[in-house]
Amino acid sequence: MADDIKKIHDRETKWQQRWKDAGVFTPKNDGSKKPFYMLAEFPFPSGKGLTGGHMLIYSGGDVMARFRRMQGYDVLYPMGFDSLGISAEAFATKIGKHPSVVVKDLVQKFTKSMIEMGWSIDLKSQVATSDPEYIKWTQWMFIQFFKAGLAYKSMLPMNWCPHCRTTLTNEELEDGKCNRCHGQVEIREKMQWNLAITKYAQRLLDDLKFVDYPERVKRDQINWIGKSTGADVDFMVGEDKMTVYTTRPDTIFGVTFCAIAPEHKLLAKWLDEGKITNADEVRNYIKESAAKSEFDRTDVTKEKTGVKLGGIMAKNPYTGDEIPVFVADYVLVNYAHGTIMAVPAHDERDWDFAKKFGIKIIPVISGGEPDKVWEGDGEHINSGFMDGMNKVDAISAAIKYGEERGFACPKTRFRMSDWGFSRQMYWGEPIPLVYCEKCGWVPVPESELPLMQPYMEEYQPTEDGESPLARATDWVNTTCPCCGGAARRETDTMPQWAGSSWYYMRYLDPRNDKEFCSREQMEKWMPVDHYNGGNEHNTRHLIYSRFWHKALYDLGFVNTVEPYKKRTTNGLLMGADGKKMSKSAGNGFQVDEKVAEIGADAARTTVLSLGPWDTNVNWSEGALAGVQRFLKRVENMADNLTDEPMAAEQERLVHQLIADMTERLENMRFNTAISAMMEFINAFSGKMPRHAYEVLVQMLNPFAPHMTEEIWEKLGHKEMLVFQPWPTYDAAKLVKADMTIVVSVNGKRAADFQIGVNATNEELTEMAKAVAARKLEGAEIVKTIIVPNKLVNFVIKK
RNA sequence: GCGGAUAUGGCGAAACUGGUAGACGCGCAGCACUAAGGAUGCUGUGGAUAAAAUCCUUGGGGGUUCGAAUCCCCCUAUCCGCACCA
């Protein structure tokens, strides 16, 4: 065995060297072949090295890249590193080295593993988001967005983890706690940069029709964007106008109270003006909700709380009714107006609240059960001009009525909010802006890009949550590019999502120092033909990068509306125990270890054989054993070939294999593709015809490229297998001479028989009757159903 | 709570538009070759029966159909999203 693995390693190194020498993975880019851009989400370097999960996704991507290459495309399969951000910084802190040094080491280490896996990556296109030349263009793009009015600063709550001393986005929270240390998170308010992604919300929705994404991905995006339509309605509270947003203006006659968020400005105003008679109680409630964590506030399983505002009544503009107003923390201050009109009869949350506080409930839609909330549609009642209408008609009637009288207007809203773009972290792109008392926020001149972080030995965040860059006073204090006066640099850095929003274009022109990517390269390669990644990126990364691309498009910097033509998603590679791979569980592995143990070909093939591409699969030593046996058998067959002409059935098997493999790879069904090859060799006993064998070797090449190259060379071929054209099949040759026809009686299988493929229906029926005679005895055949090439079914009556 | 997905042998899984359920692989059993094998090859392997014949079998229950793993309805379990968005 030790000899075997040494032989495998030598062979793999040999071919990796040959591929490198011949530069076969760098696209020709000369127009002689049609380009195909195969993209896999790039890794972020961390101390763990390439893991089992990487092995799965990049092997899958590589099979596709190699498949397309053999199909005659000029393939680009690039790889880079998402090397800014928390994972690199955390690892650097852990081992006590500077992130810039750590990233260099990790890139080398990762690249070595990638080569050892035999992935057909174009190393010439490699980029890392932390490269100064890369940061330059990320910052340049930010400046373009800033100039276009897409970047602005506002007060934003930030989640602050006191233990990790870092800010966290809501997405980085798990159950309301820090996803790294699982400690309690505090909320702090800070002026932070935003990108106006909501301006693109409608287009991000609409343009989904142009892209080939799985339904699930589209659904996730649609939900994330969260479009709703309805109306703003003005309720008067004394002299003050309190606007509420509702998707159900048709239920306005059923409004029996309003509620306002504890942080709402109007509430503070009423308190200041002394209008609230139970001010102490209300103040107390506001204080209590402020003390609650975001997670507790939004925990739907908890009972709703609130306090009625004494002395405050709101007037329903449709009915003139005076209704009570509550402060309640289930109303979110940052959505719509931070106020709601409540219709307990037809909204479950309002129902619960009304029941708890003994508020009146007025049904305005018929169809519900007594003493139960009714959220369905029905004829409107108790609703004045809307009586008798259904939901859809009543909604437009209500809006029209309110609009004519000036207290309502139609409104579309999105749940998605603008992209919080500030991080208080050292290892990110500094936001390239300078603040000048006279000129305001001014971009750093483009000639000064990249604006790098100053080298800091102590780059960890501080306890106050300020960006570490704020401590580099020499760096912070600068002059205004506009007026030359004293100015201060922005000390926040960009989120990790920034660099990953446009990396697919830098791969196309990685060393260009005039542009982030030449127009010529974009025209050739964009949009990305096939982008594979994880489901965890269905919303954030995929939406951010779609937005980024569209913004660049509007500014005239890119040539396509969408960055990715087709998206596929993969499942996760789990440990043999079915649990997520982790150090603590001891069920994971690193790529370099696995390659040392079993070699790249076996690793690649095994990991893709475990199950369907888009579901989670478990690593299995058993599957590995099966694959190793299979590969060994294929290799040994090379010594046992015949040049005798193939029998008709053998020829059919060859065509069938090509047909199956082509179809399965096209759909990334790697597990059944591997089965097809196993079945194929099982179908040959004794010597295998040379042609059949060569086809098999070609089909296996994307999975086990080293072994198959070796065999190919041994078979006497001078050209490398990488560029051999993918074999084609003749549909006419797929037809068997004989077919198996199943005979069933009343749908139950009774017998089967072989017959020539050209048999007529009459012949089939006769034969079927003969074969199933025993079952048909004494019965009347009511009906005969013939499914071509498959079965004959007799419906009988006894 | 809402939304989605999944449920098939001892295990991982196949089964295209309803048409031989369990391909392929693991495991297991037997045989062969061996001094020996955790190597290799061959054979068998959903369950019930000693076997043929037969019957049962795709989480559970109903239905549609000549025929259902597949379509429809109702449950149950697991996993994954979203989480009071008015």
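Every chain is numbered from 1 and lettered A, B, ... according to where its sequence line falls, protein lines coming before strand lines.
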- Item | N/O (side chain, A/R629) to phosphate O (OP1/OP2, B/C26) under 4.0 Å | yes

- Query: Hey, would you say the A/F326 and A/F353 ring centroids sit under 6.0 Å apart?
  - Reply: yes

- At under 4.0 Å, does any side-chain N or O of A/T784 touch on OP1 or OP2 of B/C66? no

- Does a nitrogen or oxygen in the side chain of A/Y330 sit under 4.0 Å from OP1 or OP2 of B/A86? no

- Task: Check every atom of B/A13, B/G25, B/A86 against the side chain of A/I340 and return the nucleotide holding the closest atom.
- Result: B/A86

- Query: Do any side-chain nitrogens or oxygens of A/K748 fall under 4.0 Å of OP1 or OP2 in B/C56?
  - Reply: yes

- Query: Using a distance-only test with no angle check, is there a side-chain donor-acceptor pair under 3.5 angstrom linking A/Q202 and A/K227?
  - Reply: yes

- Using atom P of each nucleotide, how far apart are B/A23 and B/C11 to the nearest Å? 15 Å

- Message: Under a 3.5 Å distance rule, please check whether A/N316 uses its side chain to pair with a backbone N or O of A/I252 as donor and acceptor.
- Response: yes

- How do A/S675 and A/T246 order along RNA chain B: which one's closest nucleotide is nearer the 5' end? A/S675

- Task: Using a 4.0 Å heavy-atom cut-off across all strands, classify A/T740 as base, sugar-phosphate, or nothing.
- Result: base

- Distance, rounded to the nearest Å, where A/K790 contributes NZ and B/A15 contributes P: 13 Å

- Query: B/G19 and B/G27: how far apart are their P atoms, nearest whole angstrom?
  - Reply: 32 Å

- Message: Suppose you measure atom C1' in B/G12 against the same atom in B/C31; what distance do you get, rounded to whole Å?
- Response: 28 Å

- Message: Using OP1 and OP2 only, check whether a side-chain N or O of A/N671 sits under 4.0 Å from B/G12.
- Response: no

- Message: From C-beta outward on A/V787, which listed nucleotide comes closest to its side chain: B/A15, B/G25, B/G19?
- Response: B/G19

- Establish, from distance only, whether the side-chain atoms of A/T198 and A/D418 form a donor-acceptor pair under 3.5 Å. yes

- With rounding to whole Å, what would you report as the distance between B/G18 and B/U70 at their C1' atoms? 6 Å

- Task: Determine the contact category for A/N746: base if any of its heavy atoms lies under 4.0 Å from a base atom, sugar-phosphate if only primed atoms, P, OP1 or OP2 are that close, otherwise nothing.
- Result: sugar-phosphate

- Message: Quick check for you: among B/A13, B/C80, B/A15, whose closest atom lies nearest to any side-chain atom of A/R216?
- Response: B/C80

- Message: Both A/R413 and A/L610 contact RNA chain B. Taking the nearest nucleotide for each, which residue is further toward the 5' end?
- Response: A/L610

- A/E621 atom CD is separated from B/G38 atom P, nearest whole Å, by 18 Å

- Task: Would you mind classifying the nucleic acid contact of A/S620 as base, sugar-phosphate or nothing, using non-hydrogen atoms under 4.0 angstrom?
- Result: nothing

- Query: Does the side chain of A/N682 get closer than 4.0 angstrom to OP1 or OP2 of B/G25 through an N or O atom?
  - Reply: yes

- Please say whether more than 12 non-hydrogen atoms of neighbouring residues, nucleotides or ligands are located less than 6.0 Å from CZ in A/F753. yes

- How many Å lie between CZ on A/R415 and C1' on B/C84, as a whole number? 11 Å

- Message: Between B/A53 and B/A48, how far apart are the two C1' atoms, rounded to whole Å?
- Response: 14 Å

- Query: Which nucleotide in the list B/G19, B/A21, B/C24 gets nearest to the side chain of A/R749?
  - Reply: B/A21

- Task: Establish, yes or no, whether the cationic atom of A/R413 lies under 6.0 Å from the six-membered ring centre of A/Y245 and within 45° of the ring axis.
- Result: yes

- Task: Name the nucleic acid region contacted by A/R669, choosing base, sugar-phosphate or nothing; use a 4.0 angstrom heavy-atom cut-off, strictly under.
- Result: sugar-phosphate

